[in-house]
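The block underneath contains the structure these notes are about, expressed in structure tokens.
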Amino acid sequence: VAISLVRSQSASSSTNGTTASLTISVTPTAGNLLVAIVNNSAANSNGTPTGWTAGGTATDVSRVSTFWKISNGAEASVSSTIGGTSAWNIHYMEFNSSLSGWTTAVTQSATTVQQTATTNMTLASVTPSMPSAVMVSVISYVGALGTPTWSNSYTTVASTASTGTVCTLLSAYKLVTAGGAQTAGATNTVSAAYVGVNSASIEPSQLPAGWRPMGARGQAVTRSTVW
């Protein structure tokens with residue numbers, strides 16, 4: 001069974017607050033990979049949801065953070081405590097397993113900070129340590145929601161904006177079956193300065209016999225962190 005996106009959801013604030021939350025409409029399948037993205041309009045911290053693992057974070061005018069976990073089959077919501085009153089968006093994704101279920105994920109990410117307004121919102125590339133991976137890319141900015149066109153065969157997951165203080169979050173994914181650097185980005189109909197994260201998740205079961213998942217440092221990529 002090939003890895004695939006099972007479902008996705010999004011939620012946005014209608015008034016500024018200190019908690020970003022989303023109610024999961026369909027209980028995920030135990031062993032599936034869950035990904036959550038949270039942004040806020042004031043560059044405040046995005047707290048790691050209980051039971052989740054923090055991924056990449058990019059900060060300038062806004063802040064965007066990625067989180068992941070392996071589902072236990074009982075998740076009903078995702079909630080992130082924000083370090084100050086802000087507008088926010090949250091995107092959620094569930095990916096199935098190519099085998100009998102994810103036990104953990106080998107993860108890599110690269111961050112981008114673009115301080116000059118532009119419609120060409122390119123993200124730093126990531127080279128997955130194995131040719132089969134789930135790529136998730138996100139862009140955050142303070143400003144009106146545009147219509148993004150993602151490059152390099154990435155598929156839109158969600159494009160949302162909060163009300164009140166207008167903060168936008170764009171997300172997309174790609175299933176990679178061949179090696180090499182994966183560059184993401186979107187051409188948007190709104191020009192803005194932005195921050196973003198491009199990330200890869202790999203099932204350890206895909207590693208060849210005798211290989212081990214990456215340790216704390218992982219594979220070096222431009223301005224990278226390892227989830």
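Just the heavy atoms: all of them, side chains too, but no hydrogens, waters or symmetry mates, feed the values below.
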Cluster overlap I70 with L5, hydrophobic side-chain contacts below 4.5 Å: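 Linked, I70 and L5 end up in one cluster.
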With hydrophobic residues grouped by side-chain heavy-atom distances under 4.5 Å, do V6 and L22 end up in a single group?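 In one cluster: no.
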[X] versus [Y], closest heavy-atom pair with distance:
X    : Y    : result
G47  : F67  : O-CZ, 3.7 Å
N152 : K174 : O-NZ, 3.0 Å
A184 : S151 : C-OG, 4.1 Å
A133 : P128 : CB-CB, 4.0 Å
Q108 : I202 : OE1-CD1, 3.8 Å
Y194 : L123 : CE1-CD2, 4.2 Å

Are [X] and [Y] linked by a side-chain donor-acceptor pair shorter than 3.5 Å?
X    : Y    : result
S109 : S199 : no
S71  : N32  : no
T165 : N16  : yes
S125 : Q182 : no
N96  : S4   : yes
H91  : S8   : no

Is there a side-chain hydrogen bond (donor to acceptor under 3.5 Å, both in side chains) between S65 and T57 once you walk through the steps? CA-CA 4 Å; S65 303; T57 291; 3.0 Å; yes
Donor-acceptor pair, distance only, cut-off 3.5 Å: does the side chain of S80 make one with the backbone of T48?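 No, S80 side chain to T48 backbone: no donor-acceptor pair under 3.5 Å.
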Would you say the side-chain atoms of S77 pair up with the backbone N or O of T23, donor to acceptor, closer than 3.5 Å?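 No, because the side chain of S77 does not come within donor-acceptor range (under 3.5 Å) of the backbone of T23.
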Mind checking whether Y141 and V61 have side chains closer than 4.5 Å, heavy atoms only?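 No. Closest side-chain heavy atoms not under 4.5 Å.
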With side chains defined as the heavy atoms from C-beta onward, is the minimum distance between T18 and W88 less than 4.5 Å?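 Heavy-atom side-chain distance check fails, nothing below 4.5 Å.
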Sort out for me which residue in V197, N39, N89 forms a side-chain contact (heavy atoms from CB on, under 4.5 Å) with S140.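 Checked V197, N39, N89 against S140; only one passes side-chain contact (heavy atoms from CB on, under 4.5 Å): N39.
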Of V142, N46, I90, which is the lone residue that meets side-chain contact (heavy atoms from CB on, under 4.5 Å) with N40?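 Exactly one candidate clears the test, N46.
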Rounded distance [0.5 Å steps], CH2 in W150 versus CG in L170: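 The distance works out to 6.0 Å.
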If I take atom OG1 from residue T112 and atom CD1 from residue I139, how far apart are they, to the nearest 0.5 angstrom?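 The distance works out to 8.5 Å.
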